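Chain identifiers are assigned alphabetically (A, B, ...) following the order of the sequence lines, protein sequences preceding nucleic acid strands; residue numbering begins at 1 within each chain. Just so you know, these numbers come straight off a predicted model, no measurement behind them.
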Amino acid sequence: MSVVLTIASKEIHGYFKSYMAYILLGVYLLISMGAVFYSAYFFEYNNRNLISFFIYQPNILNILLPAVTMKVWAEEKRYGTLEFLLTQPVSYKKLVLGKFLAAWSFSVLMLLMTIPFAVYSNFLIPLDLENVCAAYIAEIIVMGAFCALGCLISACNSNVIIAYLTTVLGGWVWQNVNFNAILYYFKNLFPMLKSRLDGVLNFSEYYQQMIQGQMGIETIVYFGGIIFFSLWLNIIIIGWRKG
Amino acid sequence: MIEIKHLSKTYKTIKALQDISMILPKDEIVFLVGPNGAGKSTLIKLLSGYIKPTTGEVLIEGKDVQVDRSSLLYMGYVPENSPLYPEMNVYEYVKYVAGLWQMNGDEFDQHLRVVVDKLQLTEVLTQKIDTLSKGFRRRVGIAGALIHNPEILILDEPTEGLDPNQKHEIHQFIKEYAKDRLVIISSHIMEEVEAIADRVILINKGKLVWDGVPEELKKAAPDNNLDTAFRLLTKGDMQ
């Protein structure tokens with residue numbers, strides 16, 4: 001575990017040394033608050049569960065989190081340090097986990113910087129604190145899924161810009177495409193599962209429930225599965241890419 | 001000790017290495033020499049475990065480097081051009097490498113003092129890597145490879161682009177370090193072979209052409225010159 005923390009710590013220090021962290025944190029807060037007060041009509045709706053804040057988060061994260069994950073592996077390849085890293089006596093699993101944890105930790109820091117906004121909102125309108133806390137936890141899990149996908153795409157690229165653009169595109173597809181069409185044939189093969197397969201792969205189905213504080217086991221399995229599968233593929237791709 | 005058994009590497013249709021076998025014991029400075037594109041770096045990358053062979057195996061202290069990553073515990077490796085993290089300073093980089101090797105604080109402090117002293121990095125310890133000269137960057141790369149005091153040190157073209165003074169410093173360091181250890185250096189600079197090599201392995205077009213002491217290689221040339229012997233062996237005029 002100490003090796004994982006060593007890798008994560010190095011990555012996080014790198015974010016702050018390059019000033020990328022400060023810019024991303026500032027831009028995230030600016031866009032999030034702008035979305036809350038100007039696009040989501042914060043004062044017009046019942047925001048006891050801060051729906052105006054959470055409703056736009058996937059779109060915002062889809063633009064900003066790829067900026068965190070794009071360099072995770074692509075930059076190692078660009079600088080030639082991937083060869084150094086893969087010849088250390090550290091398993092690929094620990095390397096992947098360390099870099100993912102760094103990206104996820106940073107994204108959680110981004111989210112935590114909105115806590116003052118939640119506290120401020122509680123003075124304006126009494127919040128349903130249970131729901132809001134559940135929504136924050138759900139958002140952390142969603143960020144984990146974004147980071148895992150971003151790290152995976154970074155591992156497939158040597159160019160940081162291409163990694164960023166591909167991650168943004170991939171994230172957009174994940175959020176907006178109706179995967180029911182893909183599941184159509186499975187529904188016919190397994191008619192007894194027809195009703196359960198409706199929307200089972202769709203991001204919006206789970207996210208809507210989560211931000212209303214309704215996080216069931218299916219939600220955890222869905223996002224947890226994306227994190228696990230992305231990290232597993234990431235490990236395979238690192239081993240494959242080394243030649 | 002490193003044992004190389006029938007090692008071959010093919011990239012699509014290009015045979016980068018063809019059936020290389022050898023044993024590399026401790027207490028030697030081994031130079032892998034050959035013209036550009038001969039397969040030296042490919043062999044180095046195979047020894048370090050960075051790339052997989054098409055056929056054959058590399059055993060480090062009896063462990064297959066592709067199967068058992070604990071074999072890397074014996075090794076310190078500096079790739080070509082000594083890649084580093086430009087945003088780190090020297091101390092942070094060496095500490096990071098030590099962290100990957102799970103060295104504890106006391107062990108790290110002790111080894112750091114020795115490595116910094118040997119490689120004369122004291123004055124640049126807190127300097128950012130991207131502000132260092134090429135010579136210092138090479139030394140920082142070597143420091144990272146040495147911090148855990150490995151028994152095997154592998155250097156891919158460690159003096160490429162350095163001035164004569166810097167080359168001399170690296171040579172002196174390698175001579176001292178190689179006592180009771182194995183140092184493998186990839187190079188195409190024959191004056192380096194003359195300066196410090198115990199053994200020369202000449203590779204040309206992916207094949208092992210010569211394996212012996214530098215004095216014997218010199219005798220292979222009419223004028224007793226390593227450069228001439230290199231040219232004759234690699235241009236195919238003599239085997």
Which residues, numbered in order, of [range] come under 4.5 angstrom of chain A by heavy-atom distance?
{"range": "residues 81-93 of chain B", "answer": "Pro83(B), Leu84(B), Tyr85(B), Pro86(B), Glu87(B), Met88(B), Asn89(B), Glu92(B), Tyr93(B)"}
{"range": "residues 117-152 of chain B", "answer": "none"}
{"range": "residues 99-115 of chain B", "answer": "Gly99(B), Leu100(B), Trp101(B), Gln102(B)"}

is_close_aromatic(Phe100(A), Trp104(A)), centroid dist under 6.0 Å: yes
Ring centroid separation Phe84(A) to Tyr77(B) under 6.0 Å: no
Top contributor to chain B contacts, counting heavy-atom pairs under 4.5 Å, from Leu95(A), Val3(A), Thr87(A), Val90(A): Thr87(A)
Examine distances only and state if a side-chain atom of [X] and a backbone atom of [Y] form a donor-acceptor pair shorter than 3.5 Å.
{"X": "Thr114(A)", "Y": "Leu111(A)", "answer": "yes"}
{"X": "Ser154(A)", "Y": "Gly150(A)", "answer": "no"}
{"X": "Lys99(A)", "Y": "Val72(A)", "answer": "yes"}

Shortest non-hydrogen contact from [X] toward [Y]:
{"X": "Ala67(A)", "Y": "Met20(A)", "result": "O-SD, 3.6 Å"}
{"X": "Asp64(B)", "Y": "Ser71(B)", "result": "O-OG, 4.1 Å"}
{"X": "Trp73(A)", "Y": "Ala155(A)", "result": "CB-CA, 3.6 Å"}

Exercise: do Gln57(A) and Ser32(A) side chains pair donor with acceptor under 3.5 Å: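 Yes - a donor-acceptor pair under 3.5 Å links their side chains.
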Any chance you could measure [X], atom [atom1], to [Y], atom [atom2], to the nearest 0.5 Å?
{"X": "Thr159(B)", "Y": "Glu192(B)", "atom1": "OG1", "atom2": "CD", "answer": "3.0 Å"}
{"X": "Ile220(A)", "Y": "Ile227(A)", "atom1": "CD1", "atom2": "CD1", "answer": "11.0 Å"}
{"X": "Ile4(B)", "Y": "Met22(B)", "atom1": "CD1", "atom2": "CE", "answer": "4.5 Å"}

Engaged part of Glu76(A) at the chain B interface, taking heavy atoms whose separation is under 4.5 Å: side chain
Within the 4.5 Å heavy-atom criterion, are [X] and [Y] side-chain neighbours or not?
{"X": "Ile184(B)", "Y": "Ile2(B)", "answer": "yes"}
{"X": "Leu24(B)", "Y": "Ile201(B)", "answer": "yes"}
{"X": "Glu57(B)", "Y": "Glu3(B)", "answer": "no"}
{"X": "Arg199(B)", "Y": "Pro25(B)", "answer": "yes"}

Mutual orientation of the aromatic rings belonging to Tyr19(A) and Tyr22(A) [parallel < 30°, tilted 30-60°, perpendicular > 60°]: tilted
Contact class of Ser70(B) relative to chain A, heavy atoms under 4.5 angstrom: neither
Intermediate values then yes/no, side chain to side chain contact (heavy atoms under 4.5 Å, CB included), Met75(B) and Val65(B): CA-CA 11 Å; Met75(B) 199 173 73; Val65(B) 78; 5.5 Å; no
Residues of residues 4-12 of chain A within contact distance of chain B, non-hydrogen under 4.5 Å: Thr6(A), Ile7(A), Lys10(A)
